[in-house]
Amino acid sequence: MAFLEVKNYRKKFGDNEVLKGISFSLEKGEVLAIIGSSGGGKTTLLRCLNFLEIPDEGTLTLGGETLFDASEKKKNAESDIREKRLHFGLVFQQFNLFPQYTVFKNITLAQTLLAKAEFRQKKKDFSAVLKSAPPAERKKLKEEQKTILAEIRAGQKKRIEEKAEGLLSRVGLSEKKNAYPYELSGGQQQRVAIARALALSPDILCFDEPTSALDPELTGEVLKVIKGLKSSESTMIVVTHEMEFAKNVADHVIFIADGVIEEEGTPEEVFENPKSEKTKAFLQKSRDLLGEEAEEVKGDVL
């Protein structure tokens, strides 16, 4: 069984059916590139995978566990959906960093909130134990619990900070720890967004056109970081317009057009020997645009 299995995902907005029965699978450690023209359904698919939108039909299985089945409405309550989102990390086009927080706090915020929730639950459990204890033992037990809770809180803080430090180093921004988003370039902000998404150790890391909001000279630094994340333990889905990146980094490529998977296969199969006429037209258009951009850069230089 594949690590991720998506079957028959359908999504409508009013009368507009954006996803028309999307099915695919992904093995652990693989990189999936999703390509296609704007409006074809790529971003909607990514948002459905991250439970930011709820599909009208379909199922999603991760690691052998069914996380989503559209037919089981009772299991798709908001509290359940929030928990399911933790399996996925999403890096947005526009970074979506909190401008009032430093780089370090942007990365640690979600972990800190989760740690606080865990701490409150542990405190609640301890309180229940204290109430059920014999009156003569409560004072001593209360002191023991106080010590344990202090150790738990200190341990949480240390783990969160150490992880954030490691992630900052991984994306090459250790020196920007105390900077604010407005003090960073677009490429640096996107690298912070990547670190933030990694902070919760998602099973699958998703990117929604991560370089579309960047100037060409900044695109390379972000793509280099994403490429550096590839490993047997890192499973990624990348919606991208960067064809060379998809060709060189992805293990599997899906071309989406008009809400359906028009073609899929290895990068060699999709880019070097496409079978669909729509795929051929899309790739030719991409090559033409790349050529035009190269001519513009050449003209600027001259």
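- No side-chain heavy atom of L184 sits under 4.5 Å from any side-chain heavy atom of R191.
- P181 is not listed as a side-chain neighbour of F95, based on a closest heavy-atom distance of 4.5 Å or more.
- Closest heavy-atom contact between N8 and G21: OD1-CA, 3.4 Å.
- A donor-acceptor pair under 3.5 Å is formed between the side chain of D69 and the backbone N or O of S71.
- In plain terms, the two heavy atoms of P267 and K247 that are nearest each other are CB-O, 3.6 Å.
- Of the candidates K142, Q145, E144, K131, Q145 is the only one forming a side chain to side chain contact (heavy atoms under 4.5 Å, CB included) with F126.
- Considering NZ of K84 and CD1 of I81, their distance stands at 4.5 Å, rounded to 0.5 Å.
- Applying the 6.0 Å contact sphere to CD of Q94 captures no more than 12 heavy atoms from other residues, nucleotides or ligands.
- With hydrophobic clusters built from ILVMFWY side chains whose heavy atoms lie under 4.5 angstrom apart, I54 shares a cluster with I204.
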Stepwise side-chain contact (heavy atoms from CB on, under 4.5 Å) check, V18 with L45: CA-CA 9 Å; V18 180; L45 173 59; over 6 Å; no
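- K176 NZ to L168 CG: the interatomic distance, rounded to the nearest 0.5 Å, is 12.0 Å.
- Among all heavy-atom pairs drawn from T219 and E242, the shortest one is CG2-OE2, 3.6 Å.
- The main-chain N or O of F51 is found under 3.5 Å from a side-chain atom of R85 such that the two form a donor-acceptor pair.
- Salt bridge status for D251 with K230: present, with a side-chain N to carboxylate O gap under 4.0 Å.
- For E263 and K275, the salt-bridge test fails: no basic side-chain N is under 4.0 Å from an acidic carboxylate O.
- The minimum heavy-atom distance between S25 and E5, with the atom names listed, is CB-CG, 4.1 Å.
- Across all non-hydrogen atoms, the minimal contact from L19 to C48 is CD1-SG, 4.1 Å.
- Without hydrogens or angle criteria, R170 side chain to A195 main chain gives no donor-acceptor distance under 3.5 Å.
- Looking at F207 and T240, their side chains never come closer than 4.5 Å, going by heavy atoms from C-beta outward.
- With hydrogens and angles ignored, the 3.5 Å screen pairs a side-chain donor or acceptor of Q190 with a backbone N or O of P210.
- A donor-acceptor pair is defined here as one N or O able to donate and one able to accept, closer than 3.5 Å; such a pair exists between the side chain of D56 and the backbone of K12.
- Taking the side chain as every heavy atom from C-beta outward, N96 and V91 never approach each other to under 4.5 Å.
- Two different hydrophobic clusters hold F104 and L109 under the rule that ILVMFWY side chains link at heavy-atom gaps under 4.5 Å.
- In this structure, the separation between NZ on K177 and CG on N106 is 14.0 Å, given to the nearest 0.5 Å.
- Residue K163 places its NZ atom among more than 12 non-hydrogen atoms of other residues, nucleotides or ligands, all under 6.0 Å distant.
- Between the side chain of K28 and the main chain of F3, no donor-acceptor pair closer than 3.5 Å is present.
- Under the 6.0 Å distance and 45° angle rule, K123 does not count as a cation-pi partner of F119.
- In this structure, the side chains of K122 and L149 come closer than 4.5 Å at one or more pairs of heavy atoms.
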Audit row: E277, K280, salt bridge (charged side-chain N to carboxylate O under 4.0 Å, His left out) steps and yes/no: CA-CA 5 Å; E277 291 303 318; K280 292 176 184 178; 3.4 Å; yes
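- Side-chain contact between V249 and V238 is absent, with no heavy atoms from C-beta onward closer than 4.5 Å.
- S234 and M236 make their closest contact through OG-CG, 3.8 Å (heavy atoms, listed as atom of the first residue, atom of the second, distance).
- By the criterion of side-chain heavy atoms lying less than 4.5 angstrom apart, applied directly or through intervening Ile, Leu, Val, Met, Phe, Trp or Tyr residues, L205 is grouped together with L97 in one hydrophobic cluster.
- Here the CG-CG distance, from N50 to L90, works out to 4.5 Å after rounding to the nearest 0.5 Å.
- Atoms NE2 and CZ, from H252 and F24 in turn, are 9.0 Å apart once rounded to the nearest 0.5 Å.
- Using a 3.5 Å distance cut-off with no hydrogens or angles, the side chains of Q93 and S212 do pair a donor with an acceptor.
- No side-chain donor-acceptor contact under 3.5 Å links K42 to the backbone of I256.
- Linking Ile, Leu, Val, Met, Phe, Trp and Tyr whenever their side-chain heavy atoms come within less than 4.5 Å puts V239 and L52 in one cluster.
- A salt bridge does not link E221 with K224: every distance from a Lys NZ or Arg NE/NH1/NH2 to an Asp or Glu carboxylate oxygen is 4.0 Å or more.
- Checking side-chain atoms of T235 against main-chain N and O of G29 turns up a donor-acceptor pair under 3.5 Å.
- Note: the hydrophobic cluster containing V171 also contains I226 (ILVMFWY, side chain heavy atoms under 4.5 Å, direct or indirect links).
- Although no hydrogens or angles enter the test, the distance criterion places no donor-acceptor pair under 3.5 Å between the side chain of T211 and the main chain of L214.
- Here CZ of F88 is found 5.5 Å from CG of L4. Values are rounded to the nearest 0.5 Å.
- Residues E17 and K11 form no side-chain contact, since every pair of their non-hydrogen atoms from C-beta on lies 4.5 Å or further apart.
- Counting only heavy atoms from C-beta outward, the side chains of I35 and F271 approach each other to under 4.5 Å.
- Salt bridge E137/K140: absent, no basic N to carboxylate O contact under 4.0 Å.
- When the shell of 6.0 Å around CZ of R153 is examined, it contains 12 or fewer heavy atoms from other residues, nucleotides or ligands.
- A donor-acceptor pair is defined here as one N or O able to donate and one able to accept, closer than 3.5 Å; such a pair exists between the side chain of S286 and the backbone of F282.
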